[in-house]
S.K.: 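Got a structure for you, written out below as structure tokens; questions coming shortly.
Chain A is the first sequence line, chain B the second, and so forth, proteins listed ahead of strands; every chain is numbered from 1.
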Amino acid sequence: MAARTPRPLSGFPELLPEERVVEDHVLDVLREVFELHGFAGVETRAVEPLSVLLRKGEIDKEVYAVRRLAEVAEEGAAAGAGGDDVLALHYDLTVPFARYVLENAGKLAFPFRRYQVQKVWRGERPQEGRFREFRQADVDVVDAGSLAPHHEAELPLVMADAFARLPLPPVVMQVNNRRLVEGFYRGLGLADTASVMREVDKLDKTSPERVRASLVDGVGLGEREADACLALATLRAEPGSTGFVDEVRGLGVRDELLDQGLDELAAVVAATGAVGGGSFRVVADLSITRGLDYYTGTVYESRMTGYEHLGSICSGGRYDALADDGRTTYPGVGLSLGVTRTLVPLLQRGLLRASRPTPTAVLVAVADEEHRAASAAVAAALRARGVATEVAPSAARFGKQIRYADRRSVPFVWFPQEDGSHEVKDIRSGEQVPADPATWAPPAEDARPTVAWHEPTA
RNA sequence: GUGGGUGUAGCUCAGCUGGUAGAGCACCGCGUUGUGGUCGCGGUGGCCGCGGGUUCGAGCCCCGUCACUCACCCCA
């Protein structure tokens, strides 16, 4: 059988070295910012028992089951009856974290602040910005018994700090509160609130008229109820403004849960209004109802300006009942940044680029194989002072050795001279000067690959 | 899971009513015998996604299948 070029697997993205430099840079920044805010790093195993991932009878979450090959042979026996024994790849980092908290509650100090950067897997149909294997960066605060509400404002501030340091388009975070929405619907006397949320959530993709139509014809609301739902969902607020509270009250619906949700949302918006410096802002948006089903209060979504079609790149919310061992409940709030969703579309457009694909700052030329040791000694001296250095792979013509460096955007080529002296050439300018392996260093901006945003050329 | 689109060189694509497979880029070599990039010339590289059918003859037509892709669903 002839060897065929392997095809990419849809939904399982793999980056080229130059793209990987960008991702690594972003991950470095996230880690730095999360730790600056006092979050401890945690990693959980890739698999969980299926029963942990599928709570309360949800059957078709798009999870990948993991089985031993030998088990597959005995199809059927393991499939139906397995229960807890069936393993599955985690589809987010929050559910495994909740399990981790329960398992280690005795060893953790609460409120517990953790960040977690790992891949997750979902068996969905991929398209731009949607993958089957992708990386998320999560920050969560979990407490035992009760969780102070100010954490719901703290997490957007952490992300604001991160985005301020990343070379990305401006991000707008939209915040809403499920208690507010649930209470409003309840106050209207609606029974099937989940279906209403589902339709309302399509507002960003279709027109209010169509949503209204499906609320009336599909979900079965009366004209007045449908109008009220739309009126609520179309409310917006500028950063820091809590004017929406009076606007909601003005809609005339009264409900205890609604009042609680309004207070919570107002508190988050008021505390986050001043941040971002242009790279990140937080606004109340009462149409945001989406997200995982375990969110109970505050919910977040975020979009990159100009790339809204990718959907939310950073979402999360408050979950009051996800972790519960029967005696103690551990409420939490968290945000999840979709690293892959954010980066891959920008990388493919060439908007986010690394200055070079390899760390190498200096290539030491090799005059001939007899003198390779001399070149290796130069490389060792440079590396001892932190200069990323490699030795030319072959003693080809110097022209080819320079081209080897040029192809990789390695900025400097080092030439050991016959008389024992040295010269280093900046191959971008062509300038070649005497240099000492014991003291020479590249300019700081050339020491390692750098990452930059490149405006689309119109 | 449902519906649409597309599969030709490593990449981007052309290929007429069916008549023996093409371009640009990339890569390699030479011009340039120890300092790259430009330029010129030359070269490597194809089960035309896979299987079947129609035909004297299929990249092209028909059927199936797989993959990729877009939309729905859902969501980072």
S.K.: Please list residues of residues 32-39 of chain A whose heavy atoms come under 4.0 Å from any atom in RNA chain B, ordered by number; otherwise none.
M.R.: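 Contacts with RNA chain B under 4.0 Å: none.
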
S.K.: Check this for me: does any side-chain nitrogen of one of A:Arg303 and A:Glu301 sit under 4.0 Å from a carboxylate oxygen of the other?
M.R.: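 Yes, this pair counts.
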
S.K.: So, the side chain of A:Arg353 versus the backbone of A:Gly350: is there a donor-acceptor pair under 3.5 Å, distance only?
M.R.: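 Answer holds: yes.
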
S.K.: Got a sec, which residues hit ring pair (Phe, Tyr, Trp, His ring centres under 6.0 Å) with A:Tyr185, two or more places apart in sequence or on another chain?
M.R.: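 Counting only residues at least two positions away or on another chain, A:Tyr185 forms no ring pair (Phe, Tyr, Trp, His ring centres under 6.0 Å).
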
S.K.: Under 6.0 Å from the ring centre and within 45 degrees of the ring axis: does the NZ or CZ of A:Arg132 meet both conditions for the six-membered ring of A:Phe12?
M.R.: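 Ring-cation test returns no.
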
S.K.: Select from A:Arg132 and A:Arg135 the residue whose nearest nucleotide in RNA chain B is closer to the 5' end of that strand.
M.R.: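 Taking each residue's closest nucleotide, the earlier one in sequence belongs to A:Arg132.
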
S.K.: Does A:Arg198 pair with A:Asp192 as a salt bridge, N-O distance under 4.0 Å?
M.R.: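 Salt bridge absent between A:Arg198 and A:Asp192.
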
S.K.: Starting at atom CD of A:Gln127, determine the distance to atom P of B:rC68, rounded to an integer number of angstrom.
M.R.: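 That distance rounds to 14 Å.
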
S.K.: Phosphate oxygens OP1/OP2 of B:rA67: is one of them under 4.0 Å from a side-chain N or O of A:Ser10?
M.R.: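 No, no such contact exists.
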
S.K.: Within residues 153-162 of chain A, which residues have any heavy atom lying less than 4.0 Å from an atom of RNA chain B?
M.R.: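 Within residues 153-162 of chain A, no residue comes under 4.0 Å of RNA chain B.
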
S.K.: Please map the stems of RNA chain B, keeping only stretches of three or more Watson-Crick or G-U wobble pairs with both distances under 3.5 angstrom.
M.R.: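 RNA chain B stems, ordered by first number: B:1-7 with B:66-72, B:10-13 with B:22-25, B:27-31 with B:39-43, B:49-53 with B:61-65.
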
S.K.: Would you call A:Arg448 and A:Asp24 a salt bridge, taking side-chain N to carboxylate O under 4.0 Å as the test?
M.R.: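 Judged by the 4.0 Å cut-off on N to carboxylate O distance, A:Arg448 and A:Asp24 do not form a salt bridge.
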
S.K.: Enumerate the side-chain hydrogen bond (donor to acceptor under 3.5 Å, both in side chains) contacts for residues 399-411 of chain A, please, sequence neighbours excluded, ordered by first and then second residue.
M.R.: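 Matches after skipping sequence neighbours: A:Glu390-A:Tyr404.
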
S.K.: For the aromatic rings, using the six-membered ring if either is Trp, is the centroid distance between A:Trp440 and A:Phe412 under 6.0 Å?
M.R.: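 Ring-ring flag for A:Trp440/A:Phe412: true, centres closer than 6.0 Å.
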
S.K.: Looking only at atom C1', what distance separates B:rU6 and B:rU38, rounded to whole Å?
M.R.: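 Rounded to whole Å, the distance is 39 Å.
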
S.K.: Indicate, with a heavy-atom threshold strictly under 4.0 Å, whether A:Leu93 touches base, sugar-phosphate, or nothing.
M.R.: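 Result for A:Leu93 = nothing.
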
S.K.: Listing time: all N or O pairs from protein to nucleotides 3-7 of chain B that are below 3.5 Å?
M.R.:
none

S.K.: Take the protein atom CG of A:Leu30 and the nucleotide atom P of B:rA76, then report the distance between them rounded to whole Å.
M.R.: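 So the two atoms are 17 Å apart, to the nearest Å.
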
S.K.: Give a yes or no on whether the backbone of A:Glu43 and the side-chain of A:Gln118 come within a donor-acceptor separation of less than 3.5 Å.
M.R.: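 Looks like no, no N/O pair under 3.5 Å.
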
S.K.: So that I can tick it off, tell me whether A:Arg99 and A:Glu103 are bridged by a salt bridge, with the cut-off set at under 4.0 angstrom between side-chain N and carboxylate O.
M.R.: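 Yes, A:Glu103 and A:Arg99 are salt-bridged.
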
S.K.: Which of these nucleotides, B:rC74, B:rU69, B:rA76, is closest to any side-chain atom of A:Ser336?
M.R.: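 Nucleotide nearest to A:Ser336's side chain: B:rA76.
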
S.K.: Test of understanding: with side chain to side chain donor-acceptor pair (under 3.5 Å), list the residues that count as partners of A:Asp140, not counting sequence neighbours.
M.R.: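 For A:Asp140, the residues satisfying side chain to side chain donor-acceptor pair (under 3.5 Å) (neighbours in sequence not counted) are A:Arg114, A:Tyr319.
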
S.K.: Base, sugar-phosphate, or nothing: which does A:Lys119 touch, judged by heavy atoms less than 4.0 Å apart?
M.R.: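 Result for A:Lys119 = nothing.
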
S.K.: Do A:Val172 and A:Thr305 have side chains that get closer than 4.5 Å, going by heavy atoms?
M.R.: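 Yes, side chains in contact.
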
S.K.: Can you list the residues that meet the ring pair (Phe, Tyr, Trp, His ring centres under 6.0 Å) rule with A:Phe134, with sequence neighbours excluded?
M.R.: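 Ring pair (Phe, Tyr, Trp, His ring centres under 6.0 Å) list for A:Phe134, sorted by chain: empty.
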
S.K.: With hydrogens left out and only the distance checked, is there a donor-acceptor pair under 3.5 Å joining A:Arg122's side chain and the base of B:rA76?
M.R.: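 Yes, a donor-acceptor pair under 3.5 Å.
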
S.K.: Is A:Glu182 salt-bridged to A:Arg179, going by a charged N under 4.0 Å from an acidic O?
M.R.: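 No.
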
S.K.: If I pick the P atom on B:rG31 and the same atom on B:rA14, what distance separates them, to the nearest angstrom?
M.R.: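 38 Å, rounded to whole Å.
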
S.K.: Nearest whole Å is fine: how far is B:rC74 C1' from A:Arg198 CZ?
M.R.: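 So the two atoms are 9 Å apart, to the nearest Å.
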
S.K.: Between A:Glu199 and A:Arg212, does any side-chain N to carboxylate O distance fall below 4.0 Å?
M.R.: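 The answer is no: the pair does not qualify as a salt bridge.
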
S.K.: Any donor-acceptor pair under 3.5 Å linking the side chain of A:Thr389 with the backbone of A:Leu363?
M.R.: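 No, A:Thr389 side chain to A:Leu363 backbone: no donor-acceptor pair under 3.5 Å.
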
S.K.: Give the table of side-chain donor-acceptor pairs shorter than 3.5 Å for residues 28-38 of chain A, with sequence neighbours excluded, one pair per line with atom names and distance.
M.R.:
from: A:Arg31; atom 1: NH1; to: A:Tyr115; atom 2: OH; distance (Å): 3.3
from: A:Glu35; atom 1: OE2; to: A:Tyr115; atom 2: OH; distance (Å): 2.6
from: A:His37; atom 1: NE2; to: A:Asp161; atom 2: OD2; distance (Å): 2.8

S.K.: Let me know the distance between CZ of A:Arg210 and P of B:rC72, rounded to the nearest Å.
M.R.: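 Distance, rounded to whole Å: 12 Å.
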
S.K.: Suppose we screen for ring pair (Phe, Tyr, Trp, His ring centres under 6.0 Å). Which residues come up paired with A:Phe398, at least two apart in sequence or across chains?
M.R.: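 Result, ring pair (Phe, Tyr, Trp, His ring centres under 6.0 Å) vs A:Phe398: A:Phe415.
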
S.K.: Can you check nucleotides 32-37 of chain B for protein contacts, nitrogen or oxygen pairs under 3.5 Å, and list what you find?
M.R.:
from: B:rG34; atom 1: O6; to: A:Ala367; atom 2: O; distance (Å): 2.7
from: B:rG34; atom 1: N1; to: A:Ala367; atom 2: O; distance (Å): 2.2
from: B:rG34; atom 1: N2; to: A:Val366; atom 2: O; distance (Å): 3.4
from: B:rG34; atom 1: N2; to: A:Ala396; atom 2: O; distance (Å): 2.7
from: B:rG34; atom 1: N2; to: A:Gln401; atom 2: NE2; distance (Å): 3.2
from: B:rU35; atom 1: O2; to: A:Lys425; atom 2: NZ; distance (Å): 3.1
from: B:rU35; atom 1: N3; to: A:Gln432; atom 2: OE1; distance (Å): 3.0
from: B:rU35; atom 1: O4; to: A:Gln432; atom 2: NE2; distance (Å): 2.9
from: B:rG36; atom 1: O4'; to: A:Gly399; atom 2: O; distance (Å): 3.2
from: B:rG36; atom 1: O6; to: A:Ile427; atom 2: O; distance (Å): 3.2
from: B:rG36; atom 1: N1; to: A:Ile427; atom 2: O; distance (Å): 2.4
from: B:rG36; atom 1: N2; to: A:Asp406; atom 2: OD1; distance (Å): 2.9
from: B:rG36; atom 1: N2; to: A:Ile427; atom 2: O; distance (Å): 3.3
from: B:rG37; atom 1: N2; to: A:Ile427; atom 2: O; distance (Å): 3.4

S.K.: Where along residues 294-310 of chain A does a heavy atom come under 4.0 Å from RNA chain B, residue by residue in number order?
M.R.: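 The answer is none.
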
S.K.: Do the non-hydrogen side-chain atoms of A:Leu53 and A:Val95 ever get within less than 4.5 Å of each other?
M.R.: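 When only atoms from C-beta onward are counted, A:Val95 and A:Leu53 do touch, with a gap below 4.5 Å.
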
